[in-house]
Amino acid sequence: MTDNGKPREACGVFGVVTGANGGQTDSPSAAPAADTYHALYALQHRGQTSAGIAVSDGAVLRYKKGDGLVQEVFDFDTLNTLTGHMAIGHVRYAARRGTSGVNAQPLVVETLGHHIALAFNGNLTNAGQLRIETENQGGIFQTTGDAEIILYAIVRKLLKTASLETAVLEVMPQLKGAFSILILTQDKLIAARDPHGFRPLCIGRRRRNAGGASIEEVFFASESCALDSVEAVFDRDVKPGEVVVAEPGRITSLSVRPAKRCSLCAFEFVYFARPDSVIDGQSVELSRYLAGQCLARRSPVDADVVIGVPDSGLSSALGYAQEAGVPYGMGFVKNRYIGRTFIQEAQWLRERSLKIKLNVLAPVVKGKRVVMVDDSIVRGTTTGRVVALVREAGAAAVHMRISSPPYMHPCYFGTDIPNRDQLPASRYTVDEMAKMIGADSLAFLSLEDLPHTMPDLRIDWCDACFTGEYPVPVAREKAKRLE
């Protein structure tokens, strides 16, 4: 669990293939690495533990990865050494402090005449079983994450198949749970999304002129905001169960094998994704705004001002305010210059971290009945501290409104909620939770209203963290590691 008490999604991935008409590529350059660097900045919210980039020049793979934020891992000189025609990148979040940098991605190996780099987003529910099977066959793991398990499975298939993409196709049915994968070789980039579509993955395109030739570039990203950062145009989402092969000059879809029911994580819209992203047809910003409107209709209260908890609570607060006819106010100033190390290095700093991150604008709330909107309550400790900050600033009343249903069940598909005992919504009534966090009242988005917050979504969604109805079996082994 992170310092702000929210669940965190495990990773973000990005890839680029540079090509020209007729399949000819321009000379290797640092441009793909630079694009990937900028895109990882846009995906930094999906992981702040480590970052990495791998590039291919058609012959070999070069890479750089390490612990820290994107700007901490890469500098100008390093990017200039990462020359090639293609690149993939990764930002990672670790669920436990102190996790070794050995889990940084992309993972890069040389085997069977192939140079392979792999970047992974998600969580396998059968990871323990696959790991034991691999170890029984002589496999030795260097990391504790699921990415290496997938890489081993693909390499074993390579022994019996004609191509890497065939190996990926044959491995996919063995992988249970959530996964969006990018695989880079000397001459191609392969993208795959699990049959349920738990985690987002999209495709973009860009054209540029180089040496008098029109160069087409294809991009893959966890979120469309990363495409915007490199001035690429959104093309489409990778379909659940689809494997896409991108090479200089062409892109091919090999297979579309969706599950009977697709299950995009609903928490992408609640919290994980950036508001400027569009996922499987649904605007994240609009989804949060509509959630606020639903809250105002079902849970009105006499109030003088509506404020949102940055960042994902802001859009919902605006929706609530406009639907309720109550003034919207900027209740908090957020410090955006706090690095990961600064917050985690010392206990006394961690305890003070919320006050460092958020400061209440007292003139907005002093003497007023405040509706405060946040995206979720997971453990509840941070919510209570935020309520206390607003009261200390002079609020006459604090009414808490949550733009998602009660978080009652653990997630096994890429977030770091290990067990139900840590979730107060599974043990207490709403009134009891209101007392716990010190609010005058508390209300959650109705589960009945959840579909109304995603009117444009093209696939079904997973709401197991709210309902306990998991789309795939989750009786996974208790020994499964959390990174």
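For the atom pair Cys411 SG and Phe198 CZ, the distance stands at 8.0 Å (nearest 0.5 Å). Here CG of Leu175 is found 8.0 Å from CZ of Phe120. Values are rounded to the nearest 0.5 Å. In this structure, CD1 on Ile279 lies 11.5 Å from CZ on Arg274, to the nearest 0.5 angstrom.
Under the 30°/60° scheme for interplanar angles, the aromatic rings of Tyr37 and Phe74 are found to stand perpendicular. Ring pair Tyr470/His409 is perpendicular by interplanar angle, where above 60° counts as perpendicular and below 30° as parallel.
Residues Phe267 and Tyr407 form a side-chain contact, since some pair of their non-hydrogen atoms from C-beta on lies under 4.5 Å apart. Side-chain atoms of Lys64 and Thr81, non-hydrogen and from C-beta on, never get closer than 4.5 Å to each other. Between Ile88 and Phe220 the shortest side-chain heavy-atom distance does not fall below 4.5 Å.
Distance alone, capped at 3.5 Å, is enough to place a donor-acceptor pair between the Ser287 side chain and the Thr453 backbone. Asp35 contributes no side-chain N or O that, together with a main-chain N or O of Val230, makes up a donor-acceptor pair within less than 3.5 Å. Checking side-chain atoms of Lys65 against main-chain N and O of Pro106 turns up a donor-acceptor pair under 3.5 Å.
The neighbour count for Glu231 CD, taken as heavy atoms of other residues, nucleotides or ligands under 6.0 Å away, does not exceed 12. The number of heavy-atom neighbours closer than 6.0 Å to CG of Leu159, taken from other residues, nucleotides and ligands shown, is above 12. When the shell of 6.0 Å around CZ of Arg236 is examined, it contains more than 12 heavy atoms from other residues, nucleotides or ligands.
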Next on the checklist: Checking Arg193 against Asp280 for the salt bridge (charged side-chain N to carboxylate O under 4.0 Å, His left out) test, could you report, in this order, the C-alpha distance in whole Å, the side-chain angles of both residues, the deciding distance, and whether it holds?
Outcome noted: CA-CA 13 Å; Arg193 188 179 182 190; Asp280 289 297; 2.8 Å; yes
Checklist entry - Given Asp146 and Phe179, is the side chain to side chain contact (heavy atoms under 4.5 Å, CB included) satisfied, shown in steps? => result CA-CA 10 Å; Asp146 293 351; Phe179 57 89; over 6 Å; no
Next on the checklist: Determine whether Gln129 and Glu133 satisfy the following criterion, side chain to side chain donor-acceptor pair (under 3.5 Å), listing intermediate values before the conclusion.
Outcome noted: CA-CA 6 Å; Gln129 173 192 341; Glu133 291 174 359; 3.1 Å; yes
Checklist entry - What's the verdict on salt bridge (charged side-chain N to carboxylate O under 4.0 Å, His left out) for Arg62 and Asp57, showing C-alpha distance, side-chain angles and the deciding distance? => result CA-CA 8 Å; Arg62 300 179 179 87; Asp57 64 3; 3.0 Å; yes
Checklist entry - Between Arg199 and Glu268, does a salt bridge (charged side-chain N to carboxylate O under 4.0 Å, His left out) hold up when you go through it step by step? => result CA-CA 8 Å; Arg199 296 296 159 203; Glu268 290 286 350; 3.0 Å; yes
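The two residues Arg92 and His90 make their nearest non-hydrogen contact at CB-CE1, 3.4 Å.
Taking the charged nitrogens against the carboxylate oxygens, Glu170 and Arg156 have no contact shorter than 4.0 Å, which rules out a salt bridge.
Between Asn103 and Thr144, the side chains place a donor N or O and an acceptor N or O closer than 3.5 Å (distance only, hydrogens not considered).
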